[in-house]
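Hydrogens, waters and symmetry mates are skipped; everything else that's a heavy atom, side chains included, is used. Nothing here was measured: the structure is a model prediction, and the numbers come from that model. Both counts, for ligands and for their atoms, begin at 1 and track the order of listing.
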Amino acid sequence: MDTTNYFEELDDQDLTETLIAKGKRPARTPAPNPKKLAEPLRQFVHAQDDSRAAFKFTYKAARFEEGWLLNSLGDFYEHQWISDVLRRVKGGKEASVYLCRAGAEVNAEFIAAKVYRPRSLRNLKNDHAYREGRDNLDNEGKIVLDDGMQHAMQKRTEYGKNLLHQSWIAYEFTSMQVLKTAGADVPEPYEMAHNAILMSYVGDLDGCAPTLSEISLERAEACGLFERVLYNIDLMLSKERIHGDLSAYNILYWDGALTLIDFPQVVSPMVNRNAYSIFERDVTRVCEYFAKQGVKANPRKIASDLWKKHDYRFGPEIHPSLLDADDERDRALWQKLKGR
Ligand SMILES: Nc1ncnc2c1ncn2[C@@H]1O[C@H](COP(=O)(O)OP(=O)(O)O)[C@@H](O)[C@H]1O
Ligand SMILES: [Mg+2]
């Protein structure tokens with residue numbers, strides 16, 4: 001479905017909110033005329049009209065945003081995972097996160113709904129670097145084995161693109177499940193749908209928790225939190241996962257505790273040939289933030305030590321200075337690198 005118009009409308013809405021905040025009167029954006037919309041989008045707009053009666057929410061959404069929310073969150077409402085959408089807490093490049101009131105099925109007051117922009121995830125730069133060696137997952141988080149579906153994804157048909165979009169979301173959801181069970185500091189994942197994930201909400205009614213990038217820490221506290229991030233990175237490695245986009249922008253801080261978020265691009269240290277460089281970059285970005293808070297560390301050494309601890313193979317980008325001359329496997333790798 002081509003929803004470009006929808007997002008133009010949404011972006012207008014973002015601008016409108018900004019102008020109102022500045023006390024300016026925005027130019028009125030006329031409501032789109034369904035007759036002028038492309039056929040798939042027209043069906044989409046009309047399809048929303050029936051379900052609207054049942055699912056009404058407090059959040060005042062722009063016209064198309066409302067349609068998109070009904071489409072993305074309708075199932076969650078029907079199954080009583082959420083009872084209301086209260087506000088949009090973050091609008092990002094790839095997804096928007098909404099604060100929802102939890103429904104009867106969830107033992108919590110609030111819940112976060114991450115709703116993806118249409119197929120936004122496939123626009124990730126170098127997405128093949130992340131997808132390398134990675135199976136595609138279906139809407140239940142199972143590996144896609146069906147020939148027709150695989151063909152559609154390879155050929156990048158419309159259907160195939162939708163399947164790939166679903167696969168990114170499934171990776172985010174299933175990774176959170178595995179990591180939460182392992183005891184990592186990640187939100188509790190509740191449910192996933194074709195375009196959204198429900199998870200525990202970090203924050204309060206006034207807004208979501210800040211990311212580390214938004215705050216400064218006292219050195220003493222920063223030391224403890226840095227250790228905690230490393231603990232999580234180590235735990236992720238033990239579950240064969242590398243975050244792939246870890247930085248102060250994807251770590252929330254609330255009541256002195258951290259929560260790692262944003263997992264669609266997770267990478268396997270076993271099968272992805274770029275794994276080590278992606279891993280080292282994650283560790284480096286984390287160290288860069290904590291260096292600004294007064295915690296000095298050597299990211300290359302930390303990354304290399306953690307990698308070796310879990311016995312993963314170093315990829316082609318490994319720097320020779322990180323190899324251990326006393327380690328037989330490292331010596332063998334060194335011979336191999338020299339021979340290229
Ligand atoms: N579980 C959550 N609770 C509270 N806020 C969240 C939660 N998950 C995400 N957010 C907020 O939404 C923003 C975007 O979410 P994220 O998963 O990082 O998606 P994106 O791909 O758009 O960066 C985050 O930076 C954070 O501010
Ligand atoms: Mg993010």
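Residues Leu217 and Leu212 form a side-chain contact, since some pair of their non-hydrogen atoms from C-beta on lies under 4.5 Å apart. Side-chain contact check for Thr211 versus Ile251: every heavy-atom pair is 4.5 Å or farther apart. Side-chain contact between Tyr276 and Ile242 is absent, with no heavy-atom pair separated by less than 4.5 Å. Proximity of Pro269 to Trp307: side-chain heavy atoms (C-beta onward) are separated by under 4.5 Å at one or more points.
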Intermediate values then yes/no, side-chain hydrogen bond (donor to acceptor under 3.5 Å, both in side chains), Gln177 and Tyr190: CA-CA 9 Å; Gln177 281 182 315; Tyr190 293 121; over 6 Å; no
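The residue among Ile197, Val202, Leu99, Ile251 with a heavy atom at the shortest distance from atom 4 (C) of ligand 1 is Val202.
Here's the thing with Thr211: none of its N/O atoms is less than 3.5 angstrom from an N/O atom of ligand 1.
Distances below 4.0 Å separate heavy atoms of Met199 from the following atoms of ligand 1: 1 (N), 8 (N). Those atoms of ligand 1 with a heavy atom of Ser200 less than 4.0 angstrom away are 1 (N), 2 (C). Proximity to Ala112 (heavy-atom distance under 4.0 Å) selects the following atoms of ligand 1: 1 (N), 2 (C). For ligand 1 and Lys90, the ligand atoms under 4.0 Å from any heavy atom of the residue are 11 (C), 12 (O), 13 (C), 27 (O). Shown in contact with Tyr201 at under 4.0 Å from a heavy atom are these atoms of ligand 1, numbered in order with element: 3 (N), 4 (C). Less than 4.0 angstrom separates some heavy atom of Asn250 from each of these atoms of ligand 1: 18 (O). Annotation for ligand 1: atoms under 4.0 Å from non-hydrogen atoms of Cys208 are 4 (C), 5 (N), 27 (O).
Interatomic distance, Asn139 CG to Asn195 CG, rounded to the nearest 0.5 Å: 12.5 Å. Distance check: Met153 CE to Gln166 CD gives 10.5 Å after rounding to the nearest 0.5 Å.
Ligand 1 lies out of reach of Pro210, whose nearest heavy atom is not under 4.0 Å from it. Residue contacts with ligand 1: Val89 is excluded, as none of its non-hydrogen atoms falls under 4.0 Å. Taking a 4.0 Å cut-off on heavy atoms, Ala95 registers as neighbouring ligand 1.
For the residue pair Tyr253/Glu221, the side-chain donor-acceptor check at 3.5 Å is satisfied. When only modelled atom types and interatomic distance are considered, His310 and Asp234 share a side-chain donor-acceptor pair under 3.5 Å.
Within a radius of less than 2.8 Å around the Mg ion (ligand 2), the protein N, O or S atoms are Asn250 OD1, Asp262 OD2.
By the neighbour-count criterion of 12 heavy atoms within 6.0 Å, atom CG of Asp147 is sparsely surrounded, having that number or fewer from other residues, nucleotides or ligands.
The heavy-atom pair separating Ala193 from Ile169 by the smallest distance is O-CG2, 4.2 Å.
In Ile261, the part holding a heavy atom less than 4.0 Å from any atom of ligand 1 is the side chain.
For Arg134 and Tyr171, the positive end sits near the middle of the six-membered ring, less than 6.0 Å away and at most 45° from its axis.
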